[in-house]
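To start, the structure itself, in structure tokens.
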Amino acid sequence: GNSVTQMEGPVTLSEEAFLTINCTYTATGYPSLFWYVQYPGEGLQLLLKATKADDKGSNKGFEATYRKETTSFHLEKGSVQVSDSAVYFCALSEGGGSTLGRLYFGRGTQLTVWP
Amino acid sequence: KAGVTQTPRYLIKTRGQQVTLSCSPISGHRSVSWYQQTPGQGLQFLFEYFSETQRNKGNFPGRFSGRQFSNSRSEMNVSTLELGDSALYLCASSPRTDSYEQYFGPGTRLTVT
């Protein structure tokens, strides 16, 4: 079956620190991979995506590379800001068959950045 | 383009009542999915509609149902509410491109007392 495992939080960092949030997945086919971010009281925002092996998704200084050999899609940012404080979700979609239209999510990682 | 909109944003109901939540997708998106988010269970998939047809369903009891209209707007209904149905209900729409990314609305916060 399909599943996503991401590192448990919370993660607490000082401003300008380096961020890594680990994400690994299990999929029966060739999934697309996503990172979503959720700010307090809001829905999920698509942060970045990758659709095939070795693709690198990037947005707002965040990056993640689709690693098929290690089934991973780790989120990184070189210098975090207080405004990056939020919950981050790793997700996958296989886009076909019995999983059509469904995203599989990790449990989320709470990030808090202190000034 | 306007984003995904959900109404109402907040709702308080009592056990045994029923509730209907509404979702308007991004213009041109024909796929709408619904998710339940709770602190204990995380994000759980409810169902997905495309062109007024339910294409996929998660592992929820029959009290949870949905529909989609010809303009792609969608509603979900929960009958005989239980305390455990208290959650944030998120709607997402998708253009059904090759990556099947989904764009989420702000959610409806349902509290059952």
Side-chain angles (χ1 to χ4, degrees), chain A residues 1-10 23 25 27 29-53 55-57 59 64 66 73 86-110, chain B residues 3-7 9-10 21 23-26 29-51 53-60 66 68 72 74 87-109:
Chain A
N2 299 319
S3 67
V4 174
T5 303
Q6 63 182 102
M7 61 185 285
E8 297 287 330
C23 171
Y25 68 90
Y30 300 93
S32 294
L33 301 173
F34 308 91
W35 277 99
Y36 283 85
V37 58
Q38 186 175 35
Y39 297 98
E42 298 184 12
L44 277 67
Q45 296 179 24
L46 178 62
L47 182 59
L48 53 84
K49 68 178 183 182
T51 59
K52 60 183 187 299
D55 268 2
K56 177 185 279 189
N59 186 26
Y66 188 163
F73 192 55
V87 181
Y88 292 81
F89 293 92
C90 185
L92 72 82
S93 170
E94 285 211 277
S98 64
T99 66
L100 197 64
R102 175 176 182 169
L103 286 172
Y104 295 81
F105 286 93
R107 292 304 301 263
T109 302
Q110 171 74 57
Chain B
V4 177
T5 58
Q6 293 187 244
T7 56
R9 290 292 311 276
Y10 303 92
L21 312 181
C23 172
S24 292
I26 292 171
H29 289 192
R30 293 167 64 191
S31 168
V32 173
S33 299
W34 288 88
Y35 296 83
Q36 181 196 66
Q37 185 178 27
T38 59
Q41 299 298 317
L43 282 152
Q44 296 188 90
F45 172 76
L46 282 154
F47 28 66
E48 188 250 3
Y49 286 86
F50 181 79
S51 292
T53 301
Q54 186 182 91
R55 294 297 188 95
N56 200 355
K57 189 176 191 305
N59 189 26
F60 277 81
Q68 187 180 33
S72 294
S74 177
L88 181 66
Y89 289 89
L90 292 163
C91 166
S93 73
S94 173
R96 282 287 190 91
T97 61
D98 59 348
S99 65
Y100 295 95
E101 72 261 29
Q102 296 184 7
Y103 297 89
F104 285 79
T108 294
R109 171 72 63 185

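Atom set for the values below is all heavy atoms of this structure, side chains included, hydrogens, waters and symmetry mates excluded. Letters A, B, ... are given to chains in the order of the sequence lines, protein chains preceding strands, and every chain is numbered from 1.
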Engaged part of A:L44 at the chain B interface, taking heavy atoms whose separation is under 4.5 Å: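 Contact with chain B involves both backbone and side-chain atoms of A:L44.
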Atom group of A:Q38 that falls short of 4.5 Å from chain B, counting heavy atoms: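 Only the side chain of A:Q38 comes within 4.5 Å of chain B.
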Identify which part of [X] has an atom lying under 4.5 Å from any heavy atom of chain A, answering side chain, backbone, both or neither.
X     : result
B:R9  : side chain
B:Q6  : neither
B:Y35 : side chain

Can you tell me how far the NZ atom of B:K57 sits from the CZ atom of A:R102, to the nearest 0.5 Å?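 Between B:K57 NZ and A:R102 CZ, I get 11.0 Å after rounding to 0.5 Å.
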Working note: A:L92 + B:Y100, criterion side chain to side chain contact (heavy atoms under 4.5 Å, CB included); need CA distance, chi angles, decisive distance, verdict. CA-CA 9 Å; A:L92 72 82; B:Y100 295 95; over 6 Å; no
Here's a test for you: under side-chain contact (heavy atoms from CB on, under 4.5 Å), which of A:Y36, A:Y104, A:F105 qualifies with B:L43?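 The option that passes is A:F105.
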Starting from the C-alpha separation in whole Å, work towards a yes-or-no answer on side chain to side chain contact (heavy atoms under 4.5 Å, CB included) for A:L46 and B:Y103. CA-CA 7 Å; A:L46 178 62; B:Y103 297 89; 4.0 Å; yes
Counting only heavy atoms from other residues, nucleotides and ligands, does the tally under 6.0 Å from OH of A:Y30 exceed 12?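 Open: at most 12 neighbouring heavy atoms sit under 6.0 Å from OH of A:Y30.
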For B:L88 and A:E42, which heavy atoms make the closest approach, and how far apart are they?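 Taking B:L88 first and A:E42 second, the nearest heavy atoms are CD2-O, 4.4 Å.
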Search all heavy atoms of B:E101 against all heavy atoms of A:K49 and return the closest pair with its distance.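 Of all heavy-atom pairs spanning B:E101 and A:K49, the closest is OE2-NZ, 3.1 Å.
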